Number of protein chains: 2
Amino acid sequence: MEIREVFARNLRAARQAKGLSQEELAHRADIDRTYISSLERSIYNASIEVVDRLATVLGVEASELLKRSQDEHVKSTIELDE
Amino acid sequence: MEIREVFARNLRAARQAKGLSQEELAHRADIDRTYISSLERSIYNASIEVVDRLATVLGVEASELLKRSQDEHVKSTIELDE
DNA sequence: GTGTGACTCGAAGTCCGTA
DNA sequence: GTACGGACTTCGAGTCACA
């Protein structure tokens, strides 16, 4: 599995766990909304700088968003009700 | 601390721990020799694809190469209090 | 609220060299 | 074996209108 797919899944999972829309996340990370959409669809191999900014806003470590086959791990790391 | 600096330090540490030269690492990861040098000097923000390929060759998880020291993590977490 | 194609622009990444 | 420079080419970064 491509690393960008891993990132895409972890990003979407972390975003939804936080209860944020792509719009809201884009706003807080100062990144374009459609670019967030592209990342979640595995269009690009994001740079580590973008990964770090998104991770910071989502309240996780940048490394968390690159972990393979641990969908549950990201979710459980972010303790958020609904 | 910039994420690329974190990556640069972790990359060099992991490479030396493996006893590999920049040349050898570049060859095995199929990445330009001078680019590895640039990454270890924090010149660029590598894409996650490059991070993943290097991590694979070094026998570690891609996420391992982006881990900040505990002190740095605490600092950045406190700074971005919403 | 999200997906997508088309676009521009600059950084990522390669390839040549020298010290 | 590594740092560093110049001159490339590729692709991520960022924006827009429209579905």
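Just so it is clear, the values below take in all heavy atoms, side chains as well, and ignore hydrogens, waters and symmetry mates. Throughout, a chain's letter reflects where its sequence line sits, starting with A, and its residues are numbered from 1. Predicted, not measured: the structure shown is a model, and the values here were computed from it.
Residue Arg4(B) is out of contact with every strand shown, counting any heavy-atom pair closer than 4.0 Å. Counting any heavy atom pair closer than 4.0 Å across all strands shown, Arg53(B) reaches no nucleic acid atom. Within 4.0 Å of Ile31(A), counting heavy atoms only, lies no atom of the nucleic acid at all.
When side chains are defined from C-beta on, Val51(A) does not count as touching Ile3(B), because their heavy atoms never get closer than 4.5 Å. Between Leu39(A) and Ile31(A) the shortest side-chain heavy-atom distance does not fall below 4.5 Å. Using a 4.5 Å heavy-atom threshold, the side chains of Val50(B) and Tyr44(B) count as separate. Under the 4.5 Å side-chain criterion, counting only non-hydrogen atoms from C-beta, Asp52(A) is not in contact with Leu66(B).
Across the protein-nucleic acid pair, Ile43(A) atom CD1 and dT10(D) atom P stand 20 Å apart, rounded to whole Å. What separates CD of Glu40(B) from P of dA3(D) is a distance of 7 Å, to the nearest Å. For the pair Glu24(B) CD and dT2(D) P, the interatomic distance rounds to 11 Å; values are reported in whole Å. Look at CZ on Arg33(A): it is 12 Å from P on dT15(D), rounded to the nearest Å. The distance between atom CG of Asp30(A) and atom P of dG14(D), rounded to the nearest whole Å, is 8 Å. In this structure, CZ of Phe7(A) is placed 13 Å from P of dG12(D), rounded to the nearest angstrom. The nearest whole Å value for the distance from the CZ atom in Arg28(B) to the C1' atom in dG1(D) is 15 Å. Here the C1' atom of nucleotide dT9(D) and the CG atom of Asp32(B) are 13 Å apart, to the nearest Å.
For Ser38(B) and Ser38(A), each mapped to the nucleotide of DNA chain D holding its nearest heavy atom, the one lying further toward the 5' end belongs to Ser38(B). Comparing Ser47(A) and Glu23(B), the nucleotide of DNA chain D nearest to each residue sits closer to the 5' end for Glu23(B).
The backbone N or O of Asn45(B) sits nowhere less than 3.5 Å from a side-chain atom of Arg4(B) that would complete a donor-acceptor pair. Not one N or O on the side chain of Arg33(A) forms a donor-acceptor pair closer than 3.5 Å with the backbone of Glu23(A). A side-chain donor-acceptor contact under 3.5 Å links Arg53(B) to the backbone of Asp30(B). Side-chain N or O atoms of Arg68(B) include one that pairs as donor or acceptor with a backbone N or O of Met1(B) at under 3.5 Å. A distance-only check finds a donor-acceptor pair linking the side chain of Glu5(B) to the backbone of Glu2(B) [under 3.5 Å].
Here Arg41(B) reaches the OP1 or OP2 of dC4(D): one of its side-chain N or O atoms lies under 4.0 Å away.
Taking the C1' atoms of five terminal pairs at each end of the helix from dT2(C)-dA19(D) to dC15(C)-dG6(D), the two resulting helix axes are inclined by 30°, rounded to 10°.
Using a cut-off of 4.0 Å between Lys/Arg side-chain N and Asp/Glu carboxylate O, Arg28(A) and Glu24(A) are scored as salt-bridged.
Put simply, chain A comes within 4.0 Å of DNA chain C, heavy atom to any atom, from dG1(C) to dT4(C), going 5' to 3'.
Distance from the side chain of Ser21(B) is smallest for dG1(D) among the nucleotides dA3(D), dG1(D), dG14(D).
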